[in-house]
J.: 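Just passing along the structure, written as structure tokens.
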Amino acid sequence: MEPARLFLGLLCASAALAASSLHQRPPQPEFLLEELELELGESPSGSLWPLPRSLRILPRQLQLAPARFQLVHGPGSTAGPGCALLQDAFRRYYEYIFGYSKWQNQGQRPLPAGTELLQLQVIIVSKDSECDNYPNITSNEAYQLSVTEPVAVLRAEKVWGALRGLETFSQLVYEDDYGTFLINESEITDYPRFAHRGILLDTSRHFLPIKSILANLDAMAFNKFNVLHWHIVDDHSFPYQSVTFPELSGKGSYSYDHVYTPTDVRLVIDYARLRGIRVIPEFDSPGHTKSWGKGQKDLLTPCFNGEHRSGSYGPVNPILNTTYHFMTDLFKEISGVFPDAYIHLGGDEVDFTCWKSNPDVTEFMKQQGFGIDYAKLESYYIQKILDIVSSANKGYIVWQEVFDKGVKIKPDTIVEVWIGSLYTAELSRVTGAGFTTILAAPWYLDYISYGQDWKKYYSVEPLNFPGCEKQKKLVIGGEACLWGEFVDATNLTPRLWPRASAVGERLWSSENVTNIQDAYNRLVKHRCRMLRRGIAAEPLFVGYCDPEYRGR
Amino acid sequence: MAELGLALLLVGLVPVPAGAVWPQPQLVRESPGGERCRLSPGQFRFGYARSSAVGPGCAVLDQAFARYWRLLRDAGPRAPEDTRPWEPLCTELLVSVSTPHCDGFPDMDSVESYKLSTSEDPSLLSSESVWGALRGLETFSQLIWRDEDRMDVMAYNKFNVFHWHIVDDPSFPYESAAFPELSRKGAYNPATHVYTLNDVKLVIEYARLRGIRVISEFDTPGHTLSWGPGAPGLLTPCYAGSIPSGAYGPVNPILNTTYQFMTELFREVSTVFPDFYLHLGGDEVDFTCWRSNPEIQAFMQWMGFGQDYTKLESFYIQRLLNIISSYGKGYVVWQEVFDNGVKVKPDTIIHVWRENAGPYQQEVARVTKAGYRALLSAPWYLNRISYGQDWQAAYQVEPLEFEGSLEQKALVIGGEACMWGEFVDVTNLTPRLWPRAGAIAERLWSNKTVRDLQDAYIRLADFRCTLLRRGIPAQPLFTGYCDAEYSGF
């Protein structure tokens, strides 16, 4: 352990004691959830989701006439009509605001002076608007929105804040029973509580058609998520089409149709960028790699049954040079294809049984002086992979086991905490050791149950673990994970939304935004808004939307 | 034009190997040599055999022919190596129905058995009724491998009853001609969230063409909050002390106007829904409100009911049953009606649903021992979701596994998969219901001995892909894939 971290640990001792009573909440029994069904009412914050950091909604209503209202670049903005990202966003949000009107031709007549909102002016303040960049972990997503007659002004340092502000503005507009579009005069200052707000999709256990992924990116933008953690390959299939190693998907995908071509991947990355969403691919190794073996000879460890090969294969073979040559070339390609500064390297759930059975591996262990500690062999492998990825100038995220097993990792490694039991203690350990962390453990949305489980996700407080301020700062966010054992394009969207919305608000809004009744009132409306925008988000409870879901 | 392969099957005694039909037919014999024929939609037709008592003009079969022909045509692209021009061509499936009825509705006594032989061209499908022919056509369509709307899926699974729980506490979407205020004031939105008479007729006819009965449920006296706004005086006013609290409880059982209302409403319902049976509900009646109401207390005293409010409930249900009987209809009721000792007619069907009131097997035993027919739903509440392959639990249920005589067993007429709507709407209904309900379909159709989980898994996973090809977003059982993934969103 480095001195700096040791110091940190000592400094935090008293704080850790003080916070030790804050344990993970036990899962609430079903009947309790049902007894606490909420009554639908009006939230003072309307349908805003996630709730902005600071919000003042005034009683005065302004009208918007679809034929006249404009989304425009404001005076002094460093982004202009040349900023395609904003141009696209303007068109998209005009559609979201007016596209589903009951009365398409309303608003042609002039409105009484002083009651109409004519424009939303978007002003990028910073010299570099970052219009053509990819979003990254430090992207500034803050914005200020001021809605006053006759023009609203949305001010942001960068385009990323403008995107978030456009979403908020679109959520402020509502339609009355006569088809008139209204907005209240408002003042909003907003910025995210956590920088990393992710959704994990798993395209190995089931292939997700591109359309399904893009629809999810839309929904993510509606909820101010900013990371797509793309668990793209795993044991079951290898749908990523590698240019360097085409056999990987050629033999490892479910079929020729179940492949993401380089064009598909580009499309996802670009679509995500335009919505301020990073795409972090996960190529999990050395475990979870069965499908890799089909297209890459000798990559996986042959398992033995006594003295003979059993015919089955285990994790990646860590003792061969060819393994590392392969990984070098593969990660070189991946580093080029995915622009984000981070790659997720997995490292979870490595089963040692096969390694133990293999005499060559046993011999190698002896040579290296590892004894029978196979965690050392795993560390040896991971260490080499990390060096390969570092040399490709990428940062990395790993699952918590890599940290737990004491693999030497660079100080800027991000450790993702996923094991459900005692995750608060793990957060303490990881941050106590000075590592940055992402929390996923309480948000495994593939675990479904009867009733309103969104409340459980909503009630999680990511910083409720024993640790000092410095440790808390190392929690950069969280992810809602929808693993694919039981999920494909048929049920992905309704299973993910609006349950993931609960996580979205937890990661964006202030710590004190915890009123579950108020959340329910807003989320019910937010879910109907997602329906109108073509996302088949499932109901929270009894009730209805007007209109109901009609497909995309 | 794409060609399809048809495995040659004969009716006989050997059980079919894995990987074919869902639900599994009662008897299957496959040709020993595994011969097959090619089937090209352009050169294939459905027709009536000369011996058939029904022929062209029979809408149920004419439309079924068109439906299944389209399914063959749209079955999707096929791997080229399957083309084997030397294999014989199957050009025709002839249907022979021995009873001449075509325009009726399916009912409880409809005969759905069929015999299908594809050993020669033309293939022959014979059945007693058109309903049996429909089931046989579905089987035929599933034999074609190629790797080849909600009511549709029911037919794909050989379900034959749509239990339409049409109204309840939260909303009253049924648009009544006699009482239009019910939906006008009780629907979520009286303009958009209602079923008009035409909608209801459409559902019934769509179902009929697929051999599916539609049984409506107008649940009373509980579960009726949404009835209140459109029918003043119908619900019991609850009291807080000596003054009305403003809240309402179950249907008010002490007023004559209540029964006049029910008489009119069920006169209409009896006509709109052609099935012999109506589901009358009768579950989960909360007595709190009745207890609070001084007029009801007085009535209880006057009737000599003491403090036993189940007697009041029985009083209500009894009168309601008499109303229904007077329209020549039979009724299905939830188990509480039986449990509370309401005097019901011998032909009443008792619907067993309670999961936590002791083992449901005991309830089935009690119901059948009393001589009533039983319908089982308790183990099949599919709205209760959990992580993993819960279809297996539904599949492993054996409805006749309860202590009772053979006569009692014969009184179990079937079961229902229930998808209650608290957490379900059009966004998630289909994937949540299918293929999980398929497990129940096979339990209710196939032979008791068909219970090998591994074999069922393989067939059901395959059948799920068939449903996807037919446009039904049925969710996956577990990891894996379908050739054509769902893309219809």
Side-chain angles (χ1 to χ4, degrees), chain A residues 30 34 37 202 204-212 215 234-237 239 253-258 444 446-453 483-495 497 527 530-531 534-552, chain B residues 76-77 79 147 168-171 173 187-189 191-194 225-226 356 381-391 420-436 464-465 467-468 471-489:
Chain A
E30 242 173 50
E34 282 175 62
E37 297 307 357
D202 171 1
S204 172
R205 290 176 176 86
H206 283 100
F207 180 83
L208 297 173
I210 288 293
K211 265 168 79 177
S212 180
D234 204 303
D235 282 334
H236 308 80
S237 77
S253 70
Y254 279 133
S255 87
Y256 295 115
D257 286 340
H258 294 78
Y444 267 36
D446 51 319
Y447 291 131
I448 53 169
S449 59
Y450 184 72
Q452 298 203 41
D453 55 3
W483 295 98
E485 280 88 347
F486 303 102
V487 177
D488 71 1
T490 62
N491 57 357
L492 173 102
T493 304
R495 191 161 289 194
W497 307 104
R527 156 6 235 186
M530 287 195 271
L531 287 199
I535 301 297
E538 71 181 17
L540 291 176
F541 193 48
V542 295
Y544 72 107
C545 294
D546 213 352
E548 298 292 350
Y549 181 65
R550 294 201 190 103
R552 274 169 85 78
Chain B
D147 303 75
D168 204 306
D169 283 334
S171 80
Y188 280 136
N189 178 328
T192 55
H193 290 61
V194 289
L225 284 184
S226 70
N356 303 320
Y381 266 37
L382 294 185
N383 51 308
R384 300 220 164 250
I385 53 169
S386 60
Y387 182 72
Q389 299 203 40
D390 57 0
W391 70 273
W420 295 98
E422 282 90 342
F423 302 103
V424 177
D425 71 2
V426 65
T427 62
N428 57 357
L429 170 71
T430 307
R432 192 164 286 197
L433 188 53
W434 308 105
R436 292 163 76 224
R464 182 309 272 197
C465 292
L467 293 180
L468 282 197
I472 307 294
Q475 72 182 15
L477 292 177
F478 194 49
T479 57
Y481 71 105
C482 295
D483 276 330
E485 297 292 351
Y486 183 66
S487 61
F489 53 90

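Letters A, B, ... are given to chains in the order of the sequence lines, protein chains preceding strands, and every chain is numbered from 1.
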J.: I'd like to verify something: which residue of B:S171, B:P170, B:G421, B:A474 has the highest number of heavy-atom pairs under 4.5 Å with chain A?
T.: B:A474

J.: I'd like to check the side-chain hydrogen bond (donor to acceptor under 3.5 Å, both in side chains) partners of A:S204; sequence neighbours left out, ordered by chain and number.
T.: none

J.: Report yes if the side chains of A:T490 and B:L468 come closer than 4.5 Å at any heavy-atom pair, otherwise no.
T.: yes

J.: Less than 4.5 Å to any heavy atom of chain B: does that hold for the side chain of A:D257, its backbone, both, or neither?
T.: side chain

J.: Could you have a look at B:E422, B:R432, B:E485 and say which one has the most heavy-atom pairs with chain A under 4.5 angstrom?
T.: B:E422

J.: Tell me, for B:D169 versus chain A, whether the close heavy atoms (under 4.5 Å) come from the side chain, the backbone, both or neither.
T.: neither

J.: I'd like to check the side chain to side chain contact (heavy atoms under 4.5 Å, CB included) partners of B:S386; sequence neighbours left out, ordered by chain and number.
T.: B:D390

J.: Heavy-atom cut-off 4.5 Å, strictly under: side chain, backbone, both or neither for A:H258 against chain B?
T.: side chain

J.: For the aromatic rings, using the six-membered ring if either is Trp, is the centroid distance between A:F207 and B:Y481 under 6.0 Å?
T.: no

J.: Pick one of side chain, backbone, both or neither for B:L477, based on which atoms fall under 4.5 Å of a heavy atom in chain A.
T.: backbone

J.: Got A:Y450 and B:N383 here, is their nearest side-chain heavy-atom distance under 4.5 Å?
T.: yes

J.: Where does B:A484 contact chain A at under 4.5 Å (heavy atoms): side chain, backbone, both or neither?
T.: neither

J.: Measure the acute angle between the ring planes of A:F486 and B:F478, then classify it against the limits of 30° and 60° as parallel, tilted or perpendicular.
T.: tilted

